[in-house]
2 protein chains.
Amino acid sequence: MANMKDIARIAEVSLGTVSHVLNGTAGVREPVRRRVLEVVRSIGYQPSQLARGLRRVQTNVIGMIIPDITNPFFPAVVRGAEDLAFSNGYRLILCNTDNDHSKELAHLNELRTFLPAGLIVIPSNFSDLTAQAQSYRAAGAGVVCIDRLPKGWDGDSVTANNQSGAYRATQHLIKMGHKRLAVITGPLHLTNAEERLNGFKQAVEEAGLELPPEYVQETTFDKQGGASKTKLLLRLIPPPTAISAGNDMIALGVLTAIREAGLRCPDEVSVMGFDDLDIAEITNPALSSVSQSGYQLGMTAARILLERIAGDSGPAKHVVIETSMKIRDSVAVPVLAASPRSARATKIKSKR
Amino acid sequence: MANMKDIARIAEVSLGTVSHVLNGTAGVREPVRRRVLEVVRSIGYQPSQLARGLRRVQTNVIGMIIPDITNPFFPAVVRGAEDLAFSNGYRLILCNTDNDHSKELAHLNELRTFLPAGLIVIPSNFSDLTAQAQSYRAAGAGVVCIDRLPKGWDGDSVTANNQSGAYRATQHLIKMGHKRLAVITGPLHLTNAEERLNGFKQAVEEAGLELPPEYVQETTFDKQGGASKTKLLLRLIPPPTAISAGNDMIALGVLTAIREAGLRCPDEVSVMGFDDLDIAEITNPALSSVSQSGYQLGMTAARILLERIAGDSGPAKHVVIETSMKIRDSVAVPVLAASPRSARATKIKSKR
DNA sequence: TCGAATTTTTGAAAGCTTTCAATTAGTACC
DNA sequence: GGTACTAATTGAAAGCTTTCAAAAATTCGA
């Protein structure tokens with residue numbers, strides 16, 4: 001591959017001049033500039049990112065660390081980040097941690113040796129990111145934490161307004177007439193799961209409703225967790241008439257478990273999701289959910305990172321992205337009978 | 001960050017020796033070796049991937065070029081590749097092309113300057129990959145093409161057995177008693193779409209059934225395409241009793257359009273998908289589909305690439321991954337009446 | 001114990017860019 | 001046309017590693 005030395009030779013200028021033309025680091029007389037550019041074009045020269053990065057102590061790489069690209073919420077996040085990064089000349093190195101903090105650590109240590117311009121991280125369980133980020137920042141790289149925050153995080157962050165989203169979703173259930181609301185949360189050491197639970201509790205308390213401890217179940221953010229906890233909830237006496245799920249994957253499990261228990265959603269049990277994944281439209285019944293834009297999450301993180309790279313050294317930024325409600329068919333007015341199990345279920349059309 | 005010079009100074013050896021210890025490129029006497037390793041450990045040294053790549057003319061980066069990570073089939077592919085790459089010390093740079101060959105070209109040109117060890121590519125529409133791959137290979141980088149192949153591709157490839165998958169799926173429809181089979185294919189300039197169509201046709205011909213040209217519809221690989229072509233198919237006289245979709249996203253649109261036309265699946269129209277995405281379990285009715293493992297696709301590509309990196313310079317490899325049928329509820333025995341539209345639909349349980 | 005053969009270790013160069021101090025060219029003004 | 005500037009250009013060093021030829025150390029056999 002051609003290098004700057006070739007350009008310099010052919011254009012009959014020095015190496016330094018070629019660099020100045022390419023980077024605009026010093027004034028270059030117009031005819032010379034044109035001559036160099038012409039050679040660059042004709043030869044199809046592209047600067048070595050390695051040599052450039054080595055010299056500048058910074059590459060055009062952004063490390064993106066996420067739990068698992070296979071989880072349907074994350075691709076949009078990655079895409080949002082990639083789009084903005086790409087259009088600004090940056091490239092993404094994608095790393096999956098499977099929520100394993102030792103895998104995360106391995107990625108963090110390895111990525112450092114690429115001298116990335118920055119990192120966008122969805123922290124793993126019990127992440128040690130706070131300490132690691134310190135050394136990245138010392139090396140002049142930005143670190144933006146998204147979706148959920150490790151404990152003690154004081155750097156830039158982009159998160160959804162989980163609390164208000166869950167709060168409004170729960171209000172919706174209450175307005176529909178539900179009095180016995182249960183919640184199946186994600187792992188509560190994750191800030192997003194915790195915030196959603198807080199939003200739920202806030203709405204329940206404000207409405208003066210009781211919340212028996214058995215009505216709050218914690219599990220993993222997946223279908224299986226949702227299904228097993230739902231089985232448990234439906235066996236309680238009295239059972240809840242509505243279940244608020246920590247995310248859509250959990251909600252998927254809830255729907256399955258309701259069906260397997262011989263009950264019908266929304267006739268006998270209402271379900272509310274969170275995330276508004278594409279699948280929410282497809283489930284039967286279509287899932288009402290709190291919509292948060294993963295794409296915007298990722299893109300905002302990239303935007304903040306680019307600002308940092310451009311030199312912004314102001315105080316930490318905490319962007320909170322608002323959610324919106326997507327009302328579909330999984331929530332209805334509850335059956336009035338004390339024990340819905342024995343009640344003659346009457347189909348009541350959900351309000352749209 | 002510490003560098004090899006520091007190690008050499010502290011361990012009281014030369015730079016070359018440190019390198020030899022780290023890479024095993026020359027015999028180093030045991031006590032010396034231990035001394036160096038001890039310093040490396042205590043200082044937490046990690047080699048600069050940039051300097052190493054620059055010198056070796058090859059980095060531990062693999063470029064992964066795909067149409068769009070947001071498309072539900074691709075995350076598993078990426079994950080399969082990442083898992084094997086990561087465990088062998090390689091990192092993935094992820095690039096989305098949106099099936100736009102100029103965007104693909106931009107990525108290909110830019111990636112080159114990272115001196116990647118190789119590329120895994122799902123080619124875009126009208127991809128110019130064949131020419132580009134040449135120059136990558138000349139630079140000692142492997143290029144593996146997956147999922148679909150650009151025209152004239154003669155390099156390594158990993159694809160699903162699209163033809164046999166579609167063939168067997170269509171046989172299944174025929175065995176269920178369908179005589180009027182329609183197909184909605186993806187863009188036929190994509191080899192995978194074409195192969196699936198061929199498999200479909202093969203089964204139809206072998207069964208001695210007629211295939212009116214209007215029963216073959218081509219569209220994009222998405223919901224919308226599936227929906228609009230289905231509307232068209234259902235207006236034909238006579239309409240098909242079964243529709244084979246080019247992939248599950250198309251099938252999703254087919255299901256929606258059937259419902260919107262006031263018909264029922266599988267009672268009045270049977271539907272067969274391709275890919276067996278996670279959503280296939282969720283649709284109503286659950287979608288019968290041809291299952292292909294994206295994870296295995298990605299992982300196999302990474303395996304071949306690693307073999308190439310390790311020095312294998314044998315002839316091009318063409319791995320074909322077998323598919324399997326996932327029978328669910330979207331296919332049933334067709335209603336016998338000549339015009340299903342007017343027939344009194346009788347629910348017939350699909351065989352499992 | 002000596003010389004030859006082998007193994008270890010060393011030092012410098014190369015890979016490609018950016019950057020800085022130093023040099024050269026050009027401009028403006030008298 | 002010459003001086004005092006300013007602006008443009010140059011050349012070398014630095015960033016960190018690998019690799020190769022050469023030098024030094026060790027081993028082996030007699």
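Sequence lines set the chain letters: A, B, ... in the order given, protein chains first and strands last, and positions in each chain run from 1. It should be emphasised that the depicted structure is a prediction, and the values quoted were computed from it without experimental measurement.
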When you check the phosphate oxygens OP1 and OP2 of [N], does a side-chain N or O of [X] lie under 4.0 Å from one of them?
| X | N | answer |
| --- | --- | --- |
| B:Ser19 | D:dT18 | yes |
| B:Tyr45 | D:dC16 | no |
| B:Arg29 | C:dT9 | yes |
| B:Arg56 | D:dT18 | yes |

Starting from [atom2] on [N], measure out to [atom1] on [X] and report it in whole angstrom.
| X | N | atom1 | atom2 | result |
| --- | --- | --- | --- | --- |
| A:Arg33 | D:dA7 | CZ | C1' | 16 Å |
| B:Glu30 | C:dT9 | CD | C1' | 16 Å |
| B:Lys5 | D:dT17 | NZ | P | 11 Å |
| B:Leu54 | C:dA14 | CG | P | 14 Å |
| B:Leu15 | D:dC20 | CG | C1' | 14 Å |
| B:Gln49 | D:dT18 | CD | P | 9 Å |
| A:Met4 | C:dT18 | CE | C1' | 8 Å |
| A:Leu115 | C:dT17 | CG | C1' | 14 Å |

From the set [options], return the single nucleotide nearest to any side-chain atom of [X].
| X | options | result |
| --- | --- | --- |
| A:Ala51 | D:dG15, D:dT26, D:dT10 | D:dG15 |
| A:Ser14 | C:dT18, D:dT10, D:dA8 | D:dT10 |
| A:Asn3 | C:dT10, C:dT17, D:dT9 | C:dT17 |

Self-check item: A:Arg35/A:Glu38 salt bridge by N-O under 4.0 Å criterion
Solution: no

Practice problem: Could you tell me whether A:Asp156 and A:Arg137 make a salt bridge, using a distance below 4.0 angstrom between a side-chain N and a carboxylate O? | Solution: no

Practice problem: Report yes or no: is there a donor-acceptor pair, N or O only, under 3.5 Å between the side chain of B:Arg55 and the base of D:dT18? | Solution: yes

Exercise. Check whether more than 12 heavy atoms from other residues, nucleotides or ligands sit under 6.0 Å from atom CD of A:Glu322, and answer yes or no.
Key: yes

Quiz item: Are B:Arg112 and B:Tyr136 in a cation-pi contact, defined as NZ or CZ under 6.0 Å from the six-membered ring centre and within 45° of the axis?
Solution: yes

Quiz item: Hey, which of these two, B:Gly27 or B:Arg52, hits DNA chain C nearer its 5' end, going by closest nucleotide?
Solution: B:Gly27

With heavy atoms under 4.0 Å as the rule, sort [X] into base, sugar-phosphate or nothing.
| X | value |
| --- | --- |
| A:Ser48 | sugar-phosphate |
| B:Val57 | nothing |
| B:Leu50 | nothing |

Self-check item: Heavy-atom pair of closest approach, residues B:Asn125 and B:His101
Solution: O-CB, 3.4 Å

